[in-house]
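Sequence positions, counted from 1, serve as the residue numbers for this chain. We use all heavy atoms of the structure for the numbers below, so side chains are in, but hydrogens, waters and symmetry mates are not. Indexing begins at 1, ligand by ligand and atom by atom, following the structure's order.
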Amino acid sequence: MRRLSPETPLFEALGAKSPYVRRLEHLGLATVGDLLRHFPARYEDFSKIYKIAELEPGQAATIQAAVEDVRVRRTRRGMTIVEATLADEDGTIRAVWFNQPYVATTLRPGRVANFAGKISVSDENELYLNHPAYEIVRPDVQDRNIETRHTARLVPIYPETRGLTSRGIRFVMQSIMRRAQPSKEWLPEETLAALGLPEVNRALRAVHFPLSMEHAAAARRRFDFESIFLLHLWNLQQKLRLADAKASSIAADIGKIRRILAELPFDLTQSQKRSLWEVVQDMEKPRPMNRLLQGDVGSGKTIVAAIAAIIAAENERQTAFMAPTEILARQHFQTMAGLLHRIAAQAKPVIGLLTAGEALVFYEDGMETKVTKDEFRKRSAKGGIAIIFGTHALIQKNVSFKDLALVVIDEQHRFGVRQRQALASIATGGRTPHLLSMSATPIPRTLMFTVFGDLNLSLITELPAGRKAIETKIVLPLERQATYELIRREIGSGRQAFVICPRIEKSDEPDMKDGGAQKNWDVRSVVEEYEKLSKRIFPDLRVAMLHGQMKAKEKEDIMRRFRDGKIDLLVSTSVVEVGVDIPNATIMMIEGTDRFGLAQLYQFRGRVGRGEHQSYCFLFTDSTAEPTQARLKAILTAKNGFELAEEDLKLRGPGQFFGDIQTGFPDAAMTALQDAELVRSSREAAVAVLAKDPSLQTHPALKKKFEEFKKTIHRE
Ligand code: ADP
Ligand code: MG
């Protein structure tokens, strides 16, 4: 038999007709290698075989029992229910399966099988097995070597997809593992030895079919190590490469900055001033700045970046000012135009906005002019536009600069050396631009300094004076009606509202987060809520919806209408999380609050409370369970987003914490970062390897792996 290589496509390994192939594809698994790296989300311990008489409600257990009888019923709604009575020496129990008619054909009376599942209690107060996994025990069961997959062992629970349960995945996994050729070890031997990590093939077996939890944990540690180790290698290598990058030294005229500040309609907060000062000092250095400006939503980051750009312009140097969406790019462009209008006494830099649409706009001495894109590019290349606003794609859009000295990236969520590398490639005159990224997403410091090692941080820790606190409330189902009434009153007096839902459409797919343990059909969706709110609850109001599957054009259109006050209530997914500034929106209502991370909820709330009116945030939850309530209460009491981020990190780990944030690094790496000890020891290991052999010549397998890893890091 030819052994399967990691590159073998699953359709070849399983046969093109196998129903598993397409379902595995839904999980993003196309090759044998992909499958082997589809790790369990957790394990259930079914290793002990219980007697029926010992079973207790709520327990997850394996029993070995004979099938006494099997019945198949259909409900009026067309569901099939298979019910079996199972017996061992001294007890009987009922088992139930929904919509799995084939169970009745395998479990014929007289057969002996292992059954593993949760012991539930029926309305009649009787114990039964709900949807147990089962494996027929063959008569030759004396043969102790028979491997079980689903019962009588530690059972892996995988991230699942529609039509493919952990049971199915275990089945495929076992068959593929038997036929796959051994994986190549690519970690240096001394590294494995130093950290006491298992060799790759041992680790693979142990992660999928562990003999004990310790066994599984050691394997997991190895795989976690892999990704952090590569991350460190990459970081270290980039650092070496960028160590001698040069940048324009931009001198700031303090007097001028004072005059600009004096002309603002408000005083900068203490931390805005401090941040601006840190930026100014960085820009004076002949080495590229790499600074992240972090501050809660509404804390006023834009003005700090705007002044930095004006300082660059005063020095006849250019700035690229980038935002994640065209709406935001335009918002910043207009803010800058307004700012320049105010500081009438100063020389006025020319600013431009370049978007995907035809609309190209100049701003010069208070005049807005449309030009062609070509004309725009030509002027930029000659240095005729000092500050150019656009989306994050701006610097790739064939825009050339005469002397690009500062790049501002708003709400980027991609930090660190990777950006610097991208920027180094657009260096003008051999000089790399200074980089200022801005984000409201707080990254816990612990992560910050381990992963994003050489990034400097400026923090805006206070909100501008005079902001009204947002009234925040955890809302249980009974209070829903009253909340709708409040929304109606607010909208009646001219305000606007957001309703955020965890998903786009209703789905009965199992919840991926928990390997299918939790069903999703009760999770509220944008489409359903939109239907309900627009037709039944608020038929007289202007309700719209917004989600990531809509076309960019549609989304922008909806946002524009919302901004212009032509929509009263916007039902949306988390796409509104970032950046939008709509002062007239005063209500943020969040459905399925338990589905979001604390930091994310905090961001949502920051969408309101931006204007003069009192704002409200309603966190809807169906769960009165103490952990959920405690978690949500953290939002009511947290002084700032950073506190919440740390809390989130503790409660959910970085994988969850990062959620939508694209660091550009593979998810596995982000999840692995949970383990601070591992982060430290893997860095030491990476330093040790690079110190001996910076180009990895003596580690060809590692070198190859590293090259592949680099390809998985998104380029800007
Ligand atoms: P974010 O940090 O979320 O990007 P913005 O830069 O959009 O926040 O600022 C939010 C609002 O606060 C803007 O309308 C801005 O003009 C205003 N603002 C910024 N700084 C101050 C300040 N020191 N005092 C009062 N208002 C301020
Ligand atoms: Mg902003």
With respect to atom 3 (O) of ligand 1, which of G300, G298, A306 exhibits the smallest heavy-atom separation?
G298
Please name all residues satisfying salt bridge (Lys or Arg N to Asp or Glu O under 4.0 Å) with D403, sequence neighbours left out, ordered by chain then number.
R317, R431
Tell me if a side-chain donor or acceptor on S534 pairs with a main-chain N or O of V543 at a distance below 3.5 Å.
no
Indicate, with yes or no, if the rings of F333 and F321 have centres closer together than 6.0 Å.
no
Quick note on ligand 1: atoms under 4.0 Å from a heavy atom of T269 include exactly 23 (N)
Within 4.0 Å of some non-hydrogen atom of S299, the atoms of ligand 1 are 2 (O), 8 (O)
For D267, take its heavy atoms, then give the atoms of ligand 1 lying under 4.0 Å from any of them.
22 (C), 23 (N), 24 (N)
The test is salt bridge (charged side-chain N to carboxylate O under 4.0 Å, His left out); show your working for E591 and R480 and say whether it passes.
CA-CA 11 Å; E591 298 281 7; R480 181 172 286 275; 2.8 Å; yes
Ligand 1 contact on M438 by region, counting heavy-atom pairs under 4.0 Å
neither
Under 4.0 Å from a heavy atom of T302: which atoms of ligand 1 are those, numbered in the order shown and with their elements?
4 (O), 5 (P), 6 (O), 7 (O)
How about F604 and F498: are their ring centres within less than 6.0 Å of each other?
no
